[in-house]
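Take a look at the structure below.
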Amino acid sequence: MSAFSDLPLVIEPADLADRLDAPELILVDLTSAQRYAEGHLPGARFVDPRQTQKGQSPAPGLLPDKAQLEALFGALGHRPEAVYVVYDDEGGGWAGRFIWLLDVIGHPHYHYLNGGLHAWLAEQRPLSQARPESVGGPVALELHDEPTATRDYIESRLGAADLAIWDARTPAEYRGEKALAARAGHMPGAINFEWTAAMDPQRALRIREDIAERLQALGISADKEIITHCQTHHRSGFTYLLAKALGYPRVKGYAGSWGEWGNLPDTPIQQ
Ligand SMILES: O=S(=O)([O-])[S-]
């Protein structure tokens, strides 16, 4: 049995500190190369957030090629019994996107460190500059479609009573006042709740304690299928993670996000 078996998806620094030596742990740092070099959680392996995206215009947030993912997870020492704990230094965008990737590869054992590096440092916990060795070559992976919404899937579901499209961008992007694509605005019926509004700056960017009620009041609720997006499915990595952490049963990330939707000529858009 794993040392992490009894823990919820979102864990606290003390939970992790007690388990840093667990053999099944793969601790993943999704900050930046510079931040990682300055000091990271002991034993953490750095993943450049760019490795989690395809990186090609106009929709850089699409899933990387399978071979890239097999190399990435091989280097991390991926194995069926591994338990991933992921963190970043921005309140959960890249960490959440990595959790979406774990769902895509069908790996169920993972946790998000609430507040990430900020929460760890706020508790004066130690950092390390030691870099764990890369573990090995590519591992064979099977990719799953269910965690991901495509443009066609979203168009087939628009207007459904049991659908909530969670737009994690800023209100200005949502309203079309700020354009990061050829066409600006939002998907018909989408609900705007910007990702940072779910973080508590007074508690080292941990998830706000009243988040369940706030989302429920907006109609982003557990009885709906949730499809979340931003510009490149980076900010919505966090909202994807959050919906899962709240126990919502049907959650998808739109990897194409606004980079795809807003650059297509014929997708329906509201302002
Ligand atoms: O993907 S993004 O909206 O954070 S640029």
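Read the numbers this way: they start at 1 and go in the same order the structure lists the ligands and their atoms.
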Whether Arg206 side chain and Met199 backbone form a donor-acceptor pair below 3.5 Å: no
Close side-chain approach of Met187 and Ile154, heavy atoms under 4.5 Å: yes
Aromatic Tyr240 / basic Lys252 pairing, under 6.0 angstrom, 45° off normal: no
Glu194 and Thr196 side chains, donor-acceptor separation under 3.5 Å: yes
Residues Trp120, Leu41; criterion side chain to side chain contact (heavy atoms under 4.5 Å, CB included); working and verdict: CA-CA 8 Å; Trp120 188 263; Leu41 273 59; 3.6 Å; yes
What does the contact table look like for ligand 1 (nitrogen or oxygen on each side, cut-off under 3.5 Å)?
unit_1	atom_1	unit_2	atom_2	d
ligand 1	1 (O)	Thr232	N	2.8
ligand 1	1 (O)	Thr232	OG1	2.4
ligand 1	1 (O)	His234	N	3.3
ligand 1	3 (O)	Gln231	N	2.9
ligand 1	3 (O)	Arg235	NE	2.7
ligand 1	3 (O)	Arg235	NH2	2.7
ligand 1	4 (O)	His234	ND1	2.9
ligand 1	4 (O)	Arg235	N	3.3
ligand 1	4 (O)	Arg235	NE	3.1

Member of Trp94, Tyr254, Trp100 meeting the ring pair (Phe, Tyr, Trp, His ring centres under 6.0 Å) criterion with His233: Trp100
